[in-house]
Amino acid sequence: DLSGMTLQFLRNDTLSGLDSLTNLYMSECDINGKIEPGAFKGMPSLIELDLSESKLTTLKADMFSALANLTKLSLASSFVNSIEPYAFRGLDGLKELNLRRVRINTLRNNSFFGLQSLTKLGLDYALRLSMIEIPHAFNRLPQLAHLDMSYSTGLTRLAPDTFSSLANLTKLSLQRMHLDESKLQPNGTFRGLVRLQALLLSGNFLRSLRPDTFGGGLRSLVLLKLDS
């Protein structure tokens with residue numbers, strides 16, 4: 001457990017030789033965003049990595065590529081303000097990614113490339129998030145079942161096909177995002193979500209809805225929350 005330690009940077013040999021390590025906790029570490037390529041090599045058994053509340057600012061391409069067996073990664077409440085394309089490449093077994101309260105402005109195309117086993121993604125309270133690049137910000141997430149973007153109030157609109165690549169999504173939480181009718185695109189925002197069972201829109205500013213607001217294939221939907 002390295003939580004709370006002041007680390008000037010992580011060199012590519014800092015954590016080498018930890019072949020049997022399964023859990024690494026580095027929350028609240030003052031690493032100033034300086035992580036050398038290959039810093040996480042030498043930990044083939046690692047299944048959980050906690051970098052929450054750290055001062056890491058940028059997730060660079062292939063930063064975690066050596067952690068093929070990782071199943072849980074938390075960067076919640078960290079200083080992360082940029083996710084480069086292919087930042088998560090190599091994390092083939094990752095199931096859960098927590099980006100709650102990160103400081104990113106834009107979800108770029110291929111931000112989540114390589115997360116082919118991911119089932120849960122938390123992007124709630126990403127208050128500075130204002131743009132989702134279409135159509136590939138959420139591509140290559142074939143197993144994603146739960147996406148939470150609640151309280152991410154900076155988005156001005158949810159464009160057509162924002163979620164269209166998430167064919168296996170079963171739960172989508174967009175609560176208290178300051179959404180009104182103009183931010184939802186008829187027959188477009190929810191297009192492709194053929195397995196979605198729960199759509200949570202509580203606490204938004206949806207006063208009147210057009211008949212085709214939820215068009216686009218929500219044939220599996222059993223729960224729709226629109227309460228204030």
Side-chain angles (χ1 to χ4, degrees), residues 52 71-78 80 83 94-107 111-112 115 117-228:
S52 60
T71 61
K72 184 176 181 181
L73 173 61
S74 179
L75 292 150
S77 299
S78 66
V80 170
I83 300 176
L94 196 71
K95 300 288 188 183
E96 183 175 342
L97 176 59
N98 188 350
L99 295 172
R100 189 183 204 207
R101 294 188 187 277
V102 293
R103 304 181 181 196
I104 55 175
N105 297 310
T106 302
L107 283 181
S111 288
F112 301 112
L115 298 179
S117 299
L118 195 72
T119 60
K120 185 176 182 181
L121 174 59
L123 274 166
D124 47 321
Y125 289 93
L127 302 179
R128 301 184 186 184
L129 180 60
S130 59
M131 180 180 294
I132 299 175
E133 292 186 356
I134 304 300
H136 299 306
F138 289 118
N139 74 336
R140 309 297 179 94
L141 296 173
Q143 302 302 319
L144 193 68
H146 182 191
L147 173 60
D148 189 354
M149 296 180 63
S150 299
Y151 294 91
S152 296
T153 55
L155 286 166
T156 57
R157 65 193 291 261
L158 292 173
D161 295 312
T162 296
F163 308 110
S164 61
S165 63
L166 302 177
N168 286 309
L169 201 69
T170 60
K171 183 178 181 181
L172 176 60
S173 183
L174 304 172
Q175 300 182 92
R176 301 191 183 279
M177 290 178 59
H178 296 177
L179 297 176
D180 59 28
E181 297 81 5
S182 67
K183 295 181 181 180
L184 302 180
Q185 306 304 308
N187 289 316
T189 295
F190 304 111
R191 183 162 51 211
L193 298 179
V194 295
R195 291 183 175 83
L196 194 71
Q197 298 176 17
L199 177 56
L200 311 182
L201 289 164
S202 301
N204 286 297
F205 304 137
L206 301 172
R207 304 303 180 207
S208 61
L209 294 172
R210 289 163 291 198
D212 51 2
T213 297
F214 301 109
L218 295 179
R219 56 177 177 261
S220 301
L221 197 68
V222 295
L223 175 63
L224 175 62
K225 294 194 69 174
L226 293 166
D227 53 300
S228 57

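Numbers here simply count residues along the sequence, with the first being 1.
Here the straight-line distance linking atom OG1 of Thr162 with atom CD1 of Ile132 works out to 5.5 Å at 0.5 Å rounding. Separating the CG atom in Leu75 from the CD1 atom in Ile83 is a distance of 8.0 Å, to the nearest 0.5 Å. Leu174 contributes atom CG, which lies 9.0 Å from atom OG of Ser152 (distance to the nearest 0.5 angstrom). Annotation: the span from Gln143 atom CD to Leu169 atom CG amounts to 12.0 Å, rounded to 0.5 Å. The distance from the CG atom of Asn204 to the NZ atom of Lys183 is 8.5 Å, given to the nearest 0.5 Å. For the atom pair His146 NE2 and Leu172 CG, the distance stands at 8.5 Å (nearest 0.5 Å).
Side-chain contact between Leu99 and Phe112 is present, with heavy atoms from C-beta onward closer than 4.5 Å. Considering only heavy atoms from C-beta on, Arg176 stays 4.5 Å or farther from Ser150 through its side chain.
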Could you list the donor-acceptor pairs under 3.5 angstrom formed by side chains in residues 118-130, with sequence neighbours left out?
| unit_1 | atom_1 | unit_2 | atom_2 | d |
| --- | --- | --- | --- | --- |
| Thr119 | OG1 | Lys95 | O | 3.2 |
| Asp124 | OD2 | Arg100 | NE | 2.7 |
| Ser130 | OG | Asn105 | O | 3.4 |

Contacts table for residues 205-216: side-chain donor-acceptor under 3.5 angstrom, sequence neighbours left out:
| unit_1 | atom_1 | unit_2 | atom_2 | d |
| --- | --- | --- | --- | --- |
| Arg210 | NH2 | Glu181 | O | 3.2 |
| Arg210 | NH2 | Leu184 | O | 3.0 |
| Thr213 | OG1 | Arg210 | N | 3.1 |
| Thr213 | OG1 | Arg210 | O | 2.9 |

Donor-acceptor contacts under 3.5 Å from residues 190-200 side chains, at least two apart:
| unit_1 | atom_1 | unit_2 | atom_2 | d |
| --- | --- | --- | --- | --- |
| Arg191 | NE | Asp161 | OD1 | 3.0 |
| Arg191 | NH1 | Asn187 | O | 2.9 |
| Arg191 | NH2 | Asp161 | OD1 | 3.3 |
| Arg191 | NH2 | Asp161 | OD2 | 2.9 |
| Arg195 | NH1 | Ala167 | O | 3.4 |
| Arg195 | NH1 | Asn168 | OD1 | 3.4 |

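Considering every non-hydrogen atom in both Met149 and Phe163, the closest pair reads SD-CE2, 4.0 Å.
A search for side-chain hydrogen bond (donor to acceptor under 3.5 Å, both in side chains) contacts involving Thr71 returns nothing, not counting sequence neighbours. Annotation: side-chain hydrogen bond (donor to acceptor under 3.5 Å, both in side chains) contacts of Ser182 (sequence neighbours excluded): Asp180.
Checked by atom type and distance alone, the side chain of Ser52 never pairs as donor or acceptor with a backbone atom of Ser77 at under 3.5 Å.
Among residue pairs with one or both ends in residues 130-156, none qualify as salt bridge (charged side-chain N to carboxylate O under 4.0 Å, His left out); sequence neighbours excluded.
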